[in-house]
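The structure appears below as structure tokens.
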There are 2 protein chains.
Amino acid sequence: MVKRRPHSAATATPLDLPATGRGSADEQAFLAQYRLDAFERPSVAVDIVVFTVIDGHLEVALYERTEHPDQGRLALPGGFMRMDESLDDAARRLLADKAGLTDVFVEQLYTFGEPGRDPRGRIVTVAHVALVDAARFSAAPLLRRLVRVPWSGETGGDVDVVDIGAAAFDDDAFDEAAACAVAFDHASIIGMAVKRLRGKLDYTPVGFQLLPAEFTLRQLQDIHEAVRGDVVNKDSFRRRMLASGHLEATGNHERGVTWRPAELYRFVRRSAV
Amino acid sequence: MVKRRPHSAATATPLDLPATGRGSADEQAFLAQYRLDAFERPSVAVDIVVFTVIDGHLEVALYERTEHPDQGRLALPGGFMRMDESLDDAARRLLADKAGLTDVFVEQLYTFGEPGRDPRGRIVTVAHVALVDAARFSAAPLLRRLVRVPWSGETGGDVDVVDIGAAAFDDDAFDEAAACAVAFDHASIIGMAVKRLRGKLDYTPVGFQLLPAEFTLRQLQDIHEAVRGDVVNKDSFRRRMLASGHLEATGNHERGVTWRPAELYRFVRRSAV
DNA sequence: AAAATAGTGTCTATGAGACACTATAGT
DNA sequence: ACTATAGTGTCTCATAGACACTATTTT
């Protein structure tokens, strides 16, 4: 049995190009006659789950489908990948086109490829998650819908998307509102996005992506509670966040509140080591 | 600000099919004339990173490419997705075909789609991770290679794949061995697989997948140390594992060892609640 | 008996939860 | 002065790390 510590330095890969190796004339000739399109292929789409937190509740951006299939149902913004762009680039392009959002946090989530997931034919979709603060989210030309999670923790599963309109927010109204009809398998995709977000919240500085540049600790706590769908301990939350090294006090304080104004903090990438 | 506990029960989705809704004649007519293949599409492949731990070291299953491109380099087992199967099914099919492995833990990892990642053309690959115990791994008709991770923790990045042959294992030989030439972006894929595995090890019962049905706590600790590339505290490891509820004592003990034989445990799925 | 590892008991340091207390804005 | 929230200090409890000690096998 061998015990070892983290490896120190990577050994360089020795590249002795043989006559048939990478970049050789032999390989060039092979590639020139290779027919990749000899096989039947699926279409590749990219869908984006855009989340924000407004008034202590997780919301997702959707649009109402005006065309078949699933006409009239709510769907995630997305589209087909182009042949000259990476998946991340496609997600960012579609986010800019469909939601007018640029410079936002985008991360690949999961690839959905069940044969029957889209009646138009075989479409594999690479789902992404985007996080944005409430102000920018509200300005996007997409419908805002509340996410209702029928499971706790990181159990996983589909979620409901509900619309309680302009009515003053009420817990009972939220709990009892009918779920909106969601297109394709997008309720599963949003569900997995919630699960992933919950999982990353405590271990990565992802919560800051849902806030503006300067924010109070209370706002950050609201984000965590909305994502987790549960209350968190105020004291230990403050200690953890301040000890994480991700927060930098600005010296400024919030304004216009009727109570003691809290200090504003800024998100800083933790220094290496 | 609203505080809420986990939601209790999901409200059923009300499905009133309008004349133009899901399954309607209108939709059927639309789908009949829809041409999905009007757009250019990439190919979709599935690659599998098969891991095991042998002699306290993480190993990966590879094969040597006999055809262009990247002829002679080591590559992950994989292949193209068929039009009638899901991504997970494709991974399991390819695992059975290429490695003779069935009934193993398989999980989707990440989808790689950089435009230049394969010189044959635009190929998007959905990478998967498979975990198997040492005995089944050794029986697979694939090359065994050691994984050398040039970063600690969950930093991430490419990894080296090294071959120290039949020489008695030696730390210095391992550290200084030249890295094998790996095809395409497979060194990145394996690197992300290591990162994911390390991340899941402490929070999910994934380590058991690398062991036979019955195992000692020491073997389980060896798995964790090999995956993490670091030593773990024996005492707290034992406590954590026994307290996790995933272990069930069999009453049997290991045989043929020259020291006090340890008790054998079995992996049990933790009971709900 | 010696060697080697399995397994237990206990002390300590750390971090989360709980709670009391002080501070500061608007009304 | 009152109220609501910000922010601090301290106590307790649970858990990880460390270490000493006992147990059980083969040689």
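All chains are named by letter (A, B, ...) in the order of the sequence lines, taking the proteins before the strands, and each is independently numbered beginning at 1.
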query = Tell me: CZ of Arg238(A) to P of dT5(D), nearest whole Å?
reply = 14 Å
query = Tell me: CD of Glu254(B) to P of dA6(C), nearest whole Å?
reply = 7 Å
request  = State plainly whether the residues Arg240(A) and Asp202(A) are in salt-bridge range, i.e. N to O under 4.0 Å.
outcome  = yes
message = Using whole Å, what does the distance between atom P of nucleotide dA6(D) and atom CZ of Phe215(A) come to?
response = 14 Å
task = Using whole Å, report how far CG of Leu242(B) lies from C1' of dT15(D).
result = 15 Å
key: Taking every non-hydrogen atom, the tightest pair across Ala140(B) and Ala99(B)   = CB-O, 3.4 Å
ask   = Does the gap between the ring centers of Tyr203(B) and Tyr203(A) come in under 6.0 Å?
value = yes
task = Only one of Gln219(A), Glu225(A), His224(A) passes side chain to side chain donor-acceptor pair (under 3.5 Å) with Gln221(A); say which it is.
result = Glu225(A)
key: Atom-pair distance (CE on Met241(A); P on dG15(C)), nearest Å   = 14 Å
request  = Starting at atom CG of Asn252(B), determine the distance to atom C1' of dA6(C), rounded to an integer number of angstrom.
outcome  = 16 Å
Which donor-acceptor pairs under 3.5 Å do side chains of residues 247-255 of chain A form with protein atoms, sequence neighbours excluded?
from	atom 1	to	atom 2	distance (Å)
Glu248(A)	OE1	Arg266(A)	NH1	2.6
Thr250(A)	OG1	Asn252(A)	N	3.1
Thr250(A)	OG1	Leu264(A)	O	2.7
Glu254(A)	OE2	Ala262(A)	N	2.9

query = In whole angstrom, what separates Gln221(A)'s CD from dT5(D)'s P?
reply = 12 Å
ask   = How does protein contact run along nucleotides 17-27 of chain D, one letter per nucleotide 5' to 3', with B for base contact, S for sugar-phosphate only, - for none, heavy atoms under 4.0 Å?
value = BBB---BBBS-
Partners meeting ring-ring contact (aromatic ring centres under 6.0 Å, His included) with His186(A) (sequence neighbours left out) = Phe184(A)
query = dA25(C) C1' sits how many Å from Arg255(A) CZ, rounded?
reply = 12 Å
